[in-house]
Amino acid sequence: MYRANVVYRGLSTARYDLHTSLFRLRGNASGEVEKHLLRNFRKYAHRDTSPGDWDWNWLSVGQHHGLPTRLLDWTFSPYVALHFATSNRQHFHRDAAVWCVDYVATHKLLPPPLYGQVEALGGGLFTTEMLFNAAKNLEAFDKYRDLRDRGLLVFFEPPSLDDRIVNQAAVFSAISDPTACLSDWLREHSDLYRKVVIPHDIKWVVRNHLDQANVTERVLFPGLDGLSDWLLRYYGERPITHPQAPGAPGPN
């Protein structure tokens with residue numbers, strides 16, 4: 001009863017819109033190429049890669065491994081979102097942003113066949129199985145439209161594919177239109193979201209506090225790659241345009 005019904009997405013540059021990797025790949029032709037990307041990903045991936053042989057699980061696996069998809073990454077944790085807003089050392093001269101969206105209020109806009117899947121849970125997050133029950137594939141999902149024939153937005157929890165998904169408290173979003181931009185959709189529903197801008201001159205202060213709270217690459221990306229990224233940032237050159245900030249604990 002005390003938990004906020006909010007998911008968060010951190011961006012290292014505040015001016016970035018919420019375009020998907022699929023749209024960045026092919027723009028308005030995204031709908032034509034999406035089915036081919038997913039078909040070939042399923043064809044060549046290891047047969048045990050997906051926990052269930054339906055589009056929603058394969059999309060989750062593909063998004064997790066860098067396949068261009070209509071999905072966007074979100075998190076339950078504002079601290080994880082702040083990490084992604086402040087971890088890119090090349091963007092410390094730019095303002096960052098954290099997008100915050102009320103997913104319960106968002107889901108109340110859905111038609112009964114979709115909303116009925118989460119209504120019993122208080123309008124919470126979908127699972128891939130719940131989405132499958134309402135839309136067997138992406139073609140069926142794209143038939144769900146609002147009264148102005150625009151795509152609808154859902155948030156769902158992906159399967160726990162590995163420790164990275166779990167540690168990042170991962171959530172995915174999807175719109176029933178492969179060419180839609182989520183920031184455009186949100187601006188049409190201004191009561192559902194907030195965009196918090198982090199001025200560039202306090203980024204390093206925020207970053208130090210996150211390191212002190214153990215919200216680092218080493219934790220969020222378990223394994224040697226995450227460890228190496230953490231050490232690279234920790235020992236890398238500090239940005240020169242920031243207020244004096246206290247040091248954070250780390251390796252000696």
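The analysis underlying the following values was restricted to heavy atoms, covering all of them including side chains, and did not include hydrogens, waters or symmetry mates. Numbering starts at 1 and runs along the sequence shown.
A salt bridge links Arg187 to Asp17: one of the charged nitrogens lies within less than 4.0 Å of a carboxylate oxygen. Looking at Arg233 and Asp211, a side-chain N of the basic residue comes within less than 4.0 Å of a carboxylate O on the acidic one, giving a salt bridge. Between Lys35 and Asp55 there is no salt bridge, since no side-chain nitrogen of the basic residue lies less than 4.0 Å from a carboxylate oxygen of the acidic one.
Taking hydrophobic clusters as Ile, Leu, Val, Met, Phe, Trp and Tyr residues chained together by side-chain heavy-atom distances below 4.5 Å, Leu182 does not share a cluster with Leu131. Note on Tyr16 and Ile175: same hydrophobic cluster, where clusters join Ile, Leu, Val, Met, Phe, Trp and Tyr whose side-chain heavy atoms are under 4.5 Å apart, directly or indirectly. Hydrophobic clustering of Ile, Leu, Val, Met, Phe, Trp and Tyr side chains at less than 4.5 Å, counting indirect connections, unites Val61 with Leu38. Both Phe141 and Trp54 sit in one connected hydrophobic cluster of ILVMFWY residues. Membership requires side-chain heavy atoms under 4.5 Å apart, directly or through other members. Residues Leu192 and Tyr115 do not share a hydrophobic cluster, defined by chaining ILVMFWY side chains whose heavy atoms lie under 4.5 Å apart.
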Tell me which donor-acceptor pairs under 3.5 Å the side chains of residues 4-14 have, and how far apart each pair is, sequence neighbours excluded?
residue, atom, partner, partner atom, Å
Arg9, NH1, Asp73, O, 2.8
Ser12, OG, His91, ND1, 2.7
Thr13, OG1, His91, ND1, 3.4
Thr13, OG1, Arg94, NH1, 3.4

Under 3.5 Å donor-acceptor pairs involving side-chain atoms of residues 167-174, not counting sequence neighbours:
residue, atom, partner, partner atom, Å
Asn167, ND2, Val219, O, 2.9
Gln168, NE2, Leu220, O, 3.0
Ser173, OG, Trp74, NE1, 3.0

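What you find for Gly27 and Thr179 is that their closest heavy atoms are O-CG2, 4.1 Å. Shortest non-hydrogen contact noted between Arg89 and Gly236 is NH1-CA, 4.1 Å. When all heavy atoms are compared, the tightest approach of Lys203 to Ala85 is CE-O, 3.4 Å. What you find for Leu121 and Met130 is that their closest heavy atoms are CD1-CE, 3.9 Å. Looking at every heavy atom in both residues, Ile165 comes nearest to Pro159 through CG2-O, 3.6 Å. The shortest non-hydrogen separation linking Asp163 to Pro222 is CB-CG, 3.8 Å.
Atom OG in Ser30 sits 9.5 Å away from atom CZ in Arg70 (nearest 0.5 Å). For the atom pair CG (Asp177) and CG (Leu153), the distance works out to 12.0 Å, reported to the nearest 0.5 Å. We find the OH-CH2 distance between Tyr193 and Trp99 to be 5.0 Å, quoted to the nearest 0.5 Å. Separation of atoms OG (Ser190) and NZ (Lys195) is listed at 14.5 Å; rounding is to 0.5 Å. A distance of 13.0 Å separates NE2 in His64 from CG in Leu71, rounded to the nearest 0.5 Å. Rounded to the nearest 0.5 Å, atoms CD (Gln117) and CG (Leu110) are 11.0 Å apart.
For the side chain to side chain contact (heavy atoms under 4.5 Å, CB included) test with Pro178, the passing option among Leu138, Thr20, Asp142 is Asp142; the others fail. Just one of Val206, Val215, Ile202 meets the side chain to side chain contact (heavy atoms under 4.5 Å, CB included) condition when paired with Thr86; it is Val206.
For Lys136, the NZ atom sits in a packed shell: over 12 heavy atoms of surrounding residues, nucleotides or ligands are nearer than 6.0 Å. Taking a 6.0 Å sphere around CD of Glu188, one finds it holds more than 12 heavy atoms contributed by other residues, nucleotides or ligands. Within 6.0 Å of the CG atom in Asp225, the count of heavy atoms belonging to other residues, nucleotides or ligands does not exceed 12.
With Phe41 as the aromatic partner, Lys43 does not meet the cation-pi criteria of under 6.0 angstrom to the ring centre and within 45 degrees of the ring axis.
In terms of modelled atom types and a separation under 3.5 Å, the side chain of His107 and the main chain of Gly124 share a donor-acceptor contact. Formation of a donor-acceptor pair under 3.5 Å by the Thr128 side chain with backbone atoms of Pro158 is not found in this model. At least one donor-acceptor pair closer than 3.5 Å links the side chain of Tyr144 to the backbone N or O of Ala134. Between the side chain of Arg145 and the main chain of Ser176, a donor-acceptor pair closer than 3.5 Å is present. Trp185 places no side-chain N or O within 3.5 Å of a backbone atom of Arg150 that could act as its donor or acceptor partner.
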> Does the pair Val154 and Val118 meet the rule for a side chain to side chain contact (heavy atoms under 4.5 Å, CB included), with working shown?
Replying inline: CA-CA 11 Å; Val154 299; Val118 293; over 6 Å; no
> Could you walk me through whether Phe126 and Trp56 pass the ring-ring contact (aromatic ring centres under 6.0 Å, His included) check?
Replying inline: CA-CA 11 Å; Phe126 285 87; Trp56 296 106; 8.7 Å; no
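Between Glu157 and Phe76 the shortest side-chain heavy-atom distance falls below 4.5 Å. Under the 4.5 Å side-chain criterion, counting only non-hydrogen atoms from C-beta, Val33 is in contact with Leu22.
Note on ring orientation: taking the six-membered ring where Trp is involved, the planes of Phe221 and His83 are tilted (angle from 30° to 60°).
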